[in-house]
**Q** 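Once you've had a glance at the structure underneath, I'll fire off some questions.
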Amino acid sequence: MRTLPPTGCPAHTGRAGRSRGRRGAAPTLHGVTSTGEEGAVPSAGALEEQRRIRQAKADALRAAGVDPYPSRFDRTATAGELHGRFGDLGPQTETDVSVRVAGRVLLARRMGKLIFLTVQDDSGTVQLFVSRADLGEGPFDAVADLDLGDWVGAEGTVMTTKTGELSVRAATVTLLAKAVRPLPDKWRGLSDTDTRFRQRYVDLIVNEEARQTFRVRHRTIAAFRRQLDDEGYVEVETPVLQTEVGGAAARPFVTHHNALDQQMYLRIALELHLKRLVVGGIERVYEIGRVFRNEGISTRHNPEFTMVEVYRALADFDDMIGVAERMICRAALEATGSYTVAHPERAGASIDLTPPWPRRSIVDLVAEYTGRTVSVHDDVADLRRTCDDLGVSYEAWWGPGRLVYAIFDKRVEEHLGHDRPLFATGYPAEVSPLAKPTPGEPENTDRFELFVGGRELANGYSELNDPVRQRAMFEAEVTAAEHGDDEAQRSVDEDYLRALEYGLPPTGGLGIGIDRVAMLLSGSASIREVILFPTLRPEVVD
RNA sequence: GCGCCUCUAGCUCAACGGCAGAGCAACGGACUCUUAAUCCGCAGGUUCUGGGUUCGAAUCCCAGGGGGCGCACCA
């Protein structure tokens, strides 16, 4: 193992340490804190006191010629690498392997002339063994002067302590960045959810579960990309800012472009642009991107969330069921290593993701869970009575398709996918304006939704590619909007129809809510746990 | 939007009509193998804000604000 030359100056952090514990030594901390004691100014409180003290340490270092925020540090090993390479070293072993590690000081155990620092980097934690005999008095005092939260770099040799703890016996310790705010309680961590989300950086420092959740999210997205790449798809990016939104039923966010003096919207779905690309000949295409829906916030809804939408020429909804299954199964294996995941809401229960997943039509499911036989061919009056019986509310202008779907949505979905994922199929055309009708049955479409743990995770269908029928469906949406459905599309997307008129091949489409998959695979009960910075009310700063 | 719950030191929490407290963090000190180190000492408060009831309010009431959960919304 190579020993690195001592590029760091051993006295680096040592200088300022002399200001502590030595009578009459130059820049004392007290000299800096002696301001702001006026009676007119109320006590700044414990936080201000701690920040003042830490800032004074940084100022004292600077005055002594040491930069408390230096530029770089040559690290040769991470904590994880050290545990991987030296994890089986017996107790009280000294090696001559020299390494340079860096990270944030999480814990400090000061034992007089010996200090143990627990330092955390991206890969884990490792202990620094700091001896006054090794460093000399000044540098040692500087280490004693470090605060929890400071970033440090250390050069030293790999060793284990009497109790077998893998450590780096420090020859030099360098302050890399001074933290002037204190960390939360070192044992209890940070639990206030509002603070955890607003100050996610602190959450990530002190809560391993938070770090793990976002590792799962990253692996999920990476697995989706790999699977689609393996199947020959092209990843693209389409506009977020649009003058006309469509592809989903949702209220959009409205914004304004100054130079064009044009009202614009943030997209609510990826669908219509991706299908334009299939028209253009990109036969297998997908996008992973943020969509925005101006709706309520809940455990399962954030106003901006991430979807992957996938379109494949010459395929139908049945093919897309396979794509969805392969993507989510791969994500489960790569993110968690298992097809068995904890049920998000039922303590102790688990869900088995082993493919293939069962399929049922929504009318079968309605019959099973409500005991009612319904059909899009039923009279509206009969369906309304069924809704009344089941306590499902509806609007006067709804046709049979909306009524059947409402029964399924309100009384059935919550029961689905608790043991295994379930594909529900056979959705009414009235609620599926972009889906291709089932052959010989124009009131229904070749569409599916995937349910896991009572939640909708994915949605897909054989894409409607007949421009005449698509125009009729759009016009029906505009009518619905005029009836007060504020989630229906308000105008006919003429450019999209023009694209269809150039010929969209038979195409299967699929959309998966990535946040919900991340929730499932990370065992998170709230969508806010899987979004780094979820939407919150603005912080009140006083 | 509606209902219920919640807000106390930097963090995690007590006190629930009668002197606002503890642990950790901080600060001063002891300590050369600790593991949330330990020990001694010392400080830190607009009890979310504003009203009200009361001899007396962190505590009870009203209004407002932040947050959580549920409902509604979310093809």
Side-chain angles (χ1 to χ4, degrees), chain A residues 20-21 29-30 33 42-54 91-92 106-118 125 127-134 140 147-149 159-165 167 169 180-199 202 206 247-251 268-269 293-303 305 393 398 401-402 405-406 408-410 413 427-435 445 447 449 455-456 459 461 477 480 485-489 513 525-528 536-540 542:
Chain A
R20 181 172 167 273
L29 301 178
H30 296 82
T33 59
S43 160
L47 172 60
E48 282 310 311
E49 182 189 351
Q50 291 190 46
R51 288 177 62 189
R52 212 166 51 228
I53 290 162
R54 286 167 174 238
Q92 247 180 316
L106 280 193
L107 298 170
R109 296 172 288 280
R110 300 179 177 91
M111 305 275 311
K113 299 186 182 67
L114 200 58
I115 298 173
F116 298 91
L117 297 178
T118 301
T125 62
Q127 178 168 272
L128 295 187
F129 179 98
V130 183
S131 164
R132 194 161 99 148
D134 293 344
F140 182 82
D147 290 298
L148 302 188
M159 62 166 283
T160 56
T161 63
K162 281 180 183 168
T163 52
E165 174 86 15
S167 307
R169 177 187 281 273
V180 296
R181 284 180 185 262
L183 291 178
D185 188 287
K186 66 186 178 186
W187 182 240
R188 311 292 285 271
L190 179 65
S191 62
D192 180 77
T193 50
D194 187 46
T195 310
R196 285 185 48 229
F197 300 150
R198 285 188 198 282
Q199 300 181 36
V202 180
V206 299
R251 277 181 281 178
I268 58 173
R293 298 187 182 179
N294 208 336
E295 291 157 358
I297 297 176
S298 79
T299 348
R300 288 170 294 282
H301 301 269
N302 195 66
F305 61 100
S393 58
W398 287 9
R402 279 190 165 82
Y405 178 78
F408 175 74
D409 192 39
K410 301 300 177 198
E413 285 186 1
Y427 283 71
E430 191 182 337
V431 294
S432 312
L434 296 161
T445 58
R447 174 179 170 193
E449 289 187 324
R455 297 171 180 167
E456 180 194 337
N459 178 22
Y461 32 84
E477 285 294 292
D485 183 350
D486 51 16
E487 285 159 359
Q489 203 168 316
S526 166
I527 198 169
R528 295 176 173 200
L536 302 170
R537 281 194 169 77
E539 189 170 9
V540 179
D542 40 23

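Convention: sequence-line order gives letters A, B, ...; per-chain numbering from 1. Keep in mind it's a predicted model, so treat the numbers as computed, not measured.
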**Q** Measuring only the C1' atom in each nucleotide, how far is B/G44 from B/G67? A whole number of Å is fine.
**A**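 Each nucleotide's C1' atom is 26 Å from the other's.
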**Q** So what does A/G247 touch, heavy atoms closer than 4.0 Å: a base, only the sugar-phosphate, or nothing?
**A**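 Base: the residue A/G247, judged by heavy atoms under 4.0 Å, touches a nucleobase.
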**Q** What interatomic distance, in whole Å, is found between P of B/U38 and the corresponding atom of B/U53?
**A**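 Roughly 50 Å separates the two P atoms.
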**Q** Indicate whether OP1 or OP2 belonging to B/C33 is found under 4.0 Å from a side-chain N or O atom of A/R109.
**A**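 So the side-chain polar atoms of A/R109 never come under 4.0 Å of the phosphate oxygens OP1 or OP2 of B/C33.
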**Q** Could you check whether A/D194 pairs with A/R198 (Lys NZ or Arg NE/NH1/NH2 to Asp/Glu carboxylate O, under 4.0 Å)?
**A**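 A salt bridge links A/D194 with A/R198.
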**Q** Would you sort out whether A/F129 and A/L117 count as a side chain to side chain contact (heavy atoms under 4.5 Å, CB included), showing the intermediate values?
**A** CA-CA 7 Å; A/F129 179 98; A/L117 297 178; over 6 Å; no
**Q** Measuring only the C1' atom in each nucleotide, how far is B/G45 from B/C19? A whole number of Å is fine.
**A**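 The answer is 15 Å between these two C1' atoms.
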**Q** Name the residue closer to the 5' end of RNA chain B, choosing between A/L434 and A/Q92 according to the nucleotide with the nearest heavy atom.
**A**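 Looking at RNA chain B, the more 5' nearest nucleotide goes with A/Q92.
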**Q** Does A/E165 contact B/U34 through a side-chain donor or acceptor facing the base, at a distance under 3.5 Å?
**A**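 For A/E165, whose side chain was compared with the base of B/U34, there is no donor-acceptor pair (under 3.5 Å).
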**Q** Both distances under 3.5 Å, Watson-Crick or G-U wobble: on that basis, could you give the dot-bracket string for RNA chain B, with [ ] for crossing pairs and | for other-strand partners?
**A** (((((((..((((....[..))))..((((.......))))......(((((..]....))))))))))))....
**Q** Between B/C60 and B/U47, how many Å separate the two P atoms, rounded to a whole number?
**A**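 Going atom to atom, P in each nucleotide, I get 16 Å.
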**Q** What contact category does A/A488 fall into here, base, sugar-phosphate, or nothing, at under 4.0 angstrom with non-hydrogen atoms?
**A**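 The residue A/A488 makes no contact with any strand.
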**Q** Whether A/K186 contacts B/A36 is assessed here as follows: a side-chain N or O lying under 4.0 Å from the phosphate OP1 or OP2. Is that the case?
**A**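 No, outside the criterion.
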**Q** Give a yes/no on whether any side-chain N or O of A/K113 is located under 4.0 angstrom from OP1 or OP2 of B/U34.
**A**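 Looking at the OP1 and OP2 atoms of B/U34, neither is under 4.0 Å from any side-chain N or O of A/K113.
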**Q** How long is the line joining CG of A/L117 and P of B/C33, in whole Å?
**A**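 Spelled out: CG on A/L117 to P on B/C33 is 16 Å.
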**Q** Whether A/R169 contacts B/C33 is assessed here as follows: a side-chain N or O lying under 4.0 Å from the phosphate OP1 or OP2. Is that the case?
**A**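 For B/C33, OP1/OP2 do not have a side-chain N/O of A/R169 under 4.0 Å.
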**Q** Which listed nucleotide (B/C73, B/A26, B/U32) is nearest to the side chain of A/L148?
**A**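 Nucleotide nearest to A/L148's side chain: B/A26.
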**Q** Measure across A/A269 and A/R293 and return the closest heavy-atom pair with its distance rounded to 0.1 Å.
**A**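 Nearest pair, atom of A/A269 first, then A/R293: CB-NH2, 4.4 Å.
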**Q** Report the distance from atom CZ of A/R110 to atom P of B/U32, rounded to the nearest whole Å.
**A**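 From A/R110 CZ to B/U32 P: 15 Å.
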**Q** Which part of the nucleic acid does A/R51 contact within heavy-atom distance under 4.0 Å: base, sugar-phosphate only, or nothing?
**A**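 Answer is nothing: A/R51 stays at 4.0 Å or more from every strand.
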**Q** Choosing from B/A36, B/A75, B/C33, which nucleotide comes nearest the side chain of A/L114?
**A**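 Minimum distance to the A/L114 side chain belongs to B/C33.
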**Q** May I ask you to say what A/E487 touches in the nucleic acid, namely base, sugar-phosphate or nothing, with a heavy-atom cut-off under 4.0 Å?
**A**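 The residue A/E487 makes sugar-phosphate contact but no base contact.
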**Q** Could you tell me how far B/A9 sits from B/G21 if I compare only their P atoms? Round to whole Å.
**A**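 14 Å, rounded to whole Å.
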**Q** Measure from the side-chain heavy atoms of A/S526 and tell me the nearest of B/C69, B/U12, B/A36.
**A**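 Nearest to the side-chain atoms of A/S526, counting from C-beta on, is B/C69.
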**Q** Please give me the minimum heavy-atom distance between A/R455 and A/R300, naming the atom from each residue.
**A**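 Looking at all heavy atoms of both residues, the closest pair is NE-CD, 3.8 Å.
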**Q** Can you tell me how far C1' in B/U59 sits from the matching atom in B/G52, rounded to whole Å?
**A**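 About 15 Å, rounded to a whole number of Å.
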**Q** Which sits closer to the 5' end of RNA chain B, A/T161 or A/E449, going by the nucleotide each is nearest to?
**A**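 Result of the comparison: A/T161.
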**Q** Provide, to the nearest angstrom, the distance between the CG atom belonging to A/D185 and the P atom belonging to B/A9.
**A**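 Atom CG in A/D185 sits about 14 Å away from atom P in B/A9.
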**Q** Whole-Å distance between B/U34 P and A/F129 CZ?
**A**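 So the two atoms are 10 Å apart, to the nearest Å.
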**Q** Check if the side chain of A/Q50 and the base of B/A25 share a donor-acceptor pair of N or O atoms closer than 3.5 Å.
**A**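 Side chain to base: pair present.
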**Q** Can you check the distance between B/C7 and B/A75, where both ends of the measurement are the C1' atom (answer in whole Å)?
**A**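 Straight-line distance between the two C1' atoms is 39 Å.
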**Q** Any donor-acceptor pair, under 3.5 Å, between the side chain of A/D192 and the base of B/G67, if you only look at N and O atoms?
**A**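 Such a pair does not exist between side chain and base.
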**Q** Just the rounded figure in Å: distance from C1' of B/A75 to CZ of A/R402.
**A**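 So the two atoms are 8 Å apart, to the nearest Å.
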**Q** Find the distance A/R300:CZ to B/A72:P and express it as a whole number of Å.
**A**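 Checked: the CZ to P distance equals 10 Å.
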**Q** Once you measure the plane-to-plane angle for A/Y427 and A/Y405, does it fall in the parallel (<30°), tilted (30-60°) or perpendicular (>60°) bin?
**A**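 A/Y427 and A/Y405: tilted rings.
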**Q** Mind checking the P distance from B/A63 to B/C27? Whole angstroms is fine.
**A**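 Those two atoms are separated by 45 Å.
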**Q** At their closest point, which heavy atom of A/V202 faces which heavy atom of A/L190, and how far apart are they?
**A**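 Nearest heavy atoms, A/V202 then A/L190: CG1-CD2, 3.7 Å.
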**Q** CG of A/L190 versus P of B/A25: gap in Å, rounded?
**A**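 Atom CG in A/L190 sits about 17 Å away from atom P in B/A25.
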**Q** Does either side chain, that of A/R109 or that of A/Q127, offer a donor lying less than 3.5 Å from an acceptor on the other one?
**A**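 A pair is found: one side chain offers a donor N or O, the other an acceptor, under 3.5 Å apart.
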**Q** Considering only side-chain heavy atoms of A/E49, which listed nucleotide, B/G44, B/U32, B/G66, is closest?
**A**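 Selected nucleotide (nearest to the side chain): B/G44.
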**Q** Should the pair A/R447-A/E449 be classified as a salt bridge under the 4.0 Å nitrogen-to-oxygen rule?
**A**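 Yes, this pair counts.
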**Q** Considering every strand and a 4.0 Å limit on heavy-atom distances, what is the contact class for A/A250: base, sugar-phosphate, or nothing?
**A**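 No contact at all - A/A250 keeps every heavy atom at 4.0 Å or more from the nucleic acid.
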**Q** Is A/R188 near enough to B/C11 that one of its side-chain N or O atoms lies under 4.0 angstrom from OP1 or OP2?
**A**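 It does not, given that no N or O in the side chain of A/R188 lies less than 4.0 Å from OP1 or OP2 of B/C11.
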**Q** Quick one: do A/V130 and A/F140 satisfy side chain to side chain contact (heavy atoms under 4.5 Å, CB included)? Show the steps, please.
**A** CA-CA 8 Å; A/V130 183; A/F140 182 82; 4.0 Å; yes
**Q** For A/T299 and B/G70, is the shortest distance between a side-chain N/O and OP1 or OP2 below 4.0 Å?
**A**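 Yes, such a contact exists.
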**Q** What is the distance, rounded to the nearest whole Å, between atom CD1 of A/I297 and atom P of B/C2?
**A**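 My rounded result for the distance is 16 Å.
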**Q** When rounded to the nearest 0.5 angstrom, what is the spacing between OG in A/S131 and CZ in A/R169?
**A**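 The CZ atom of A/R169 is 6.0 Å from OG of A/S131, to the nearest 0.5 Å.
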**Q** Give a yes or no answer on whether the side chain of A/T160 reaches the backbone of A/Q92 with a donor-acceptor pair at less than 3.5 Å.
**A**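 Yes, the answer is positive, given that a donor and an acceptor are paired below the 3.5 Å cut-off.
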**Q** Look at all strands and tell whether A/L183 reaches a base, only sugar-phosphate, or nothing, counting heavy atoms closer than 4.0 Å.
**A**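 It contacts nothing in the nucleic acid.
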**Q** Is there a side-chain polar atom (N or O) of A/S191 under 4.0 Å from OP1 or OP2 of B/U12?
**A**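 Checking A/S191 against B/U12: at least one side-chain N or O falls below 4.0 Å of OP1 or OP2.
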